[in-house]
Novice: 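Got a structure here, written out as structure tokens. Questions coming.
In each ligand, atom 1 is the first atom listed, and ligand 1 is the first ligand listed.
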Amino acid sequence: MSDDVSDGWAASASAWIVEQGDDGDYGRRFVLDAPMWARIEGRGFHRALDVGCGEGRFCRIMQRAGIATTGIDPTEALLARAELDPRGDYRLGRAETMDVDASFDLVVSYLSLIDIPDLGRGIAKMVAALRPGGTLLIANLTSFNTAGQPDGWISDGEGTLRFPIDHYMDERAIWVARRGIRIQNWHRPLSTYMTLLLDHGLQLRLFSEPQPLGGDPERNAMHRRVPYFQIMEWQKPA
Ligand SMILES: C[S@@+](CC[C@H](N)C(=O)[O-])C[C@H]1O[C@@H](n2cnc3c(N)ncnc32)[C@H](O)[C@@H]1O
């Protein structure tokens, strides 16, 4: 058995698997997958570690580029779905305590940094898993967005939708709920992430705020009003 999952993931796993389907939810399908894939395809990566791989969808995508994937996740019910994939190597575990070789040329965190309670230990382990010169590719919810949770969009007194943010500098775990999923996300100011990554001597190679491509125009317009996602690529010194 995994140690806890008081963060809600065990109880939310089956709804999460339904929400992702084959193509991922809105944010993955229409916003993040394409720019994440663009950082992977044709780069010559051989071995990737997906930290917080969930039900394994992004491991399966990376395999299309001929990459051998290892996925790690503490939620047994998600990992059981991932393990239906015969080509991947999947391991039960947490970022903070994972025990992997320092041999990966690519480490991916696809919307999992917000799930890791001890982020400092988690990032240290991700960096340790990279070979010198290796790449850490991160998709994350922006800190501006997590500072607006759990309410997100609300209607002001005039009936206009607003997305208020508050207590930006205060790190905290926030319960968020939708469609049978109830999980904890961590809010941390952007400087917390940047400082931890810079303190490992990593070099920032890409920073982007991807916008929707395709998808429902009305939903895309709402998405463009608020900072949602960022992608960062960091390189470990050779
Ligand atoms: C938002 S989901 C993302 C899953 C997958 N990367 C994707 O994009 O579909 C976050 C994942 O982080 C996992 N997780 C929770 N705590 C974690 C930890 N301490 N270390 C690594 N992963 C964790 C959860 O089990 C969940 O699968």
Side-chain angles (χ1 to χ4, degrees), residues 1-37 39-40 48-63 69-85 88 90-100 106-129 136-142 145-146 149 173-188 196 210 228-231:
M1 292 285 289
S2 61
D3 47 51
D4 136 20
V5 194
S6 58
D7 55 8
W9 274 106
S12 302
S14 45
W16 177 263
I17 290 167
V18 169
E19 183 172 89
Q20 296 310 314
D22 289 336
D23 296 329
D25 59 8
Y26 168 85
R28 288 168 175 77
R29 182 172 179 191
F30 295 114
V31 188
L32 285 170
D33 275 2
M36 288 290 277
W37 174 249
R39 301 308 296 180
I40 287 173
L49 175 67
D50 185 354
V51 181
C53 65
E55 45 68 66
R57 205 182 58 89
F58 203 65
C59 285
R60 299 190 291 276
I61 289 175
M62 289 193 285
Q63 290 163 12
T69 61
T70 297
I72 188 157
D73 200 282
T75 307
E76 286 177 82
L78 294 176
L79 211 63
R81 164 67 186 90
E83 283 168 342
L84 296 177
D85 157 28
Y90 296 97
R91 303 183 192 176
L92 190 67
R94 297 181 169 278
E96 301 96 315
T97 49
M98 63 185 177
D99 183 18
V100 291
L106 174 64
V107 173
V108 173
S109 167
Y110 195 139
L111 298 185
S112 64
L113 293 188
I114 48 170
D115 286 86
I116 299 174
D118 189 341
L119 187 67
R121 278 179 81 196
I123 285 181
K125 287 283 190 174
M126 291 182 202
V127 175
L136 174 59
L137 181 63
I138 294 170
N140 202 22
L141 257 182
T142 70
N145 197 284
T146 53
Q149 301 298 345
I174 301 169
W175 284 100
V176 292
R178 62 177 187 277
R179 295 182 293 279
I181 298 168
R182 185 170 177 273
I183 51 176
Q184 270 191 338
N185 282 170
W186 280 86
H187 164 71
R188 303 173 171 105
L196 285 170
Y228 273 91
F229 301 123
Q230 58 202 196
I231 293 178

Novice: Under 3.5 Å, sequence neighbours excluded: what are the donor-acceptor pairs made by side chains of residues 118-126?
Specialist:
unit_1 : atom_1 : unit_2 : atom_2 : d
Asp118 : OD1    : Arg121 : N      : 3.2
Lys125 : NZ     : Met98  : O      : 3.1

Novice: Identify, with sequence neighbours excluded, every residue that meets ring pair (Phe, Tyr, Trp, His ring centres under 6.0 Å) alongside Tyr110.
Specialist: Phe58
Novice: Go through it in stages, so that I can follow the logic: the residues are Gln149 and Asn185, the test is side-chain contact (heavy atoms from CB on, under 4.5 Å), and I'd like the CA-CA distance, side-chain angles, deciding distance and then a yes or no.
Specialist: CA-CA 9 Å; Gln149 301 298 345; Asn185 282 170; 5.9 Å; no
Novice: Taking the side chain from Thr142 and the backbone from Asn145, do they hold a donor-acceptor pair closer than 3.5 Å?
Specialist: yes
Novice: For ligand 1, find each of its N or O atoms that sits under 3.5 Å from a protein N or O atom, and tabulate the pairs with distances to one decimal place.
Specialist:
unit_1   : atom_1 : unit_2 : atom_2 : d
ligand 1 : 6 (N)  : Gly52  : O      : 2.7
ligand 1 : 6 (N)  : Tyr110 : O      : 2.8
ligand 1 : 8 (O)  : Arg28  : NE     : 3.0
ligand 1 : 8 (O)  : Arg28  : NH2    : 3.0
ligand 1 : 8 (O)  : Tyr110 : O      : 3.3
ligand 1 : 9 (O)  : Arg28  : NE     : 3.2
ligand 1 : 16 (N) : Asp115 : O      : 3.4
ligand 1 : 19 (N) : Arg94  : NH1    : 3.3
ligand 1 : 19 (N) : Glu96  : OE1    : 2.9
ligand 1 : 20 (N) : Ala95  : N      : 2.9
ligand 1 : 25 (O) : Asp73  : OD1    : 2.6
ligand 1 : 25 (O) : Asp73  : OD2    : 3.4
ligand 1 : 25 (O) : Thr75  : OG1    : 2.6
ligand 1 : 27 (O) : Asp73  : OD1    : 3.4
ligand 1 : 27 (O) : Asp73  : OD2    : 2.6

Novice: Show, in sequence, the C-alpha distance, side-chain angles and deciding distance for Arg91 and Asp99, and conclude whether the salt bridge (Lys or Arg N to Asp or Glu O under 4.0 Å) test is met.
Specialist: CA-CA 10 Å; Arg91 303 183 192 176; Asp99 183 18; over 6 Å; no
Novice: Please name all residues satisfying ring pair (Phe, Tyr, Trp, His ring centres under 6.0 Å) with Trp16, sequence neighbours left out, ordered by chain then number.
Specialist: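 With sequence neighbours excluded, Trp16 shows a ring pair (Phe, Tyr, Trp, His ring centres under 6.0 Å) to Trp9, given in chain and number order.
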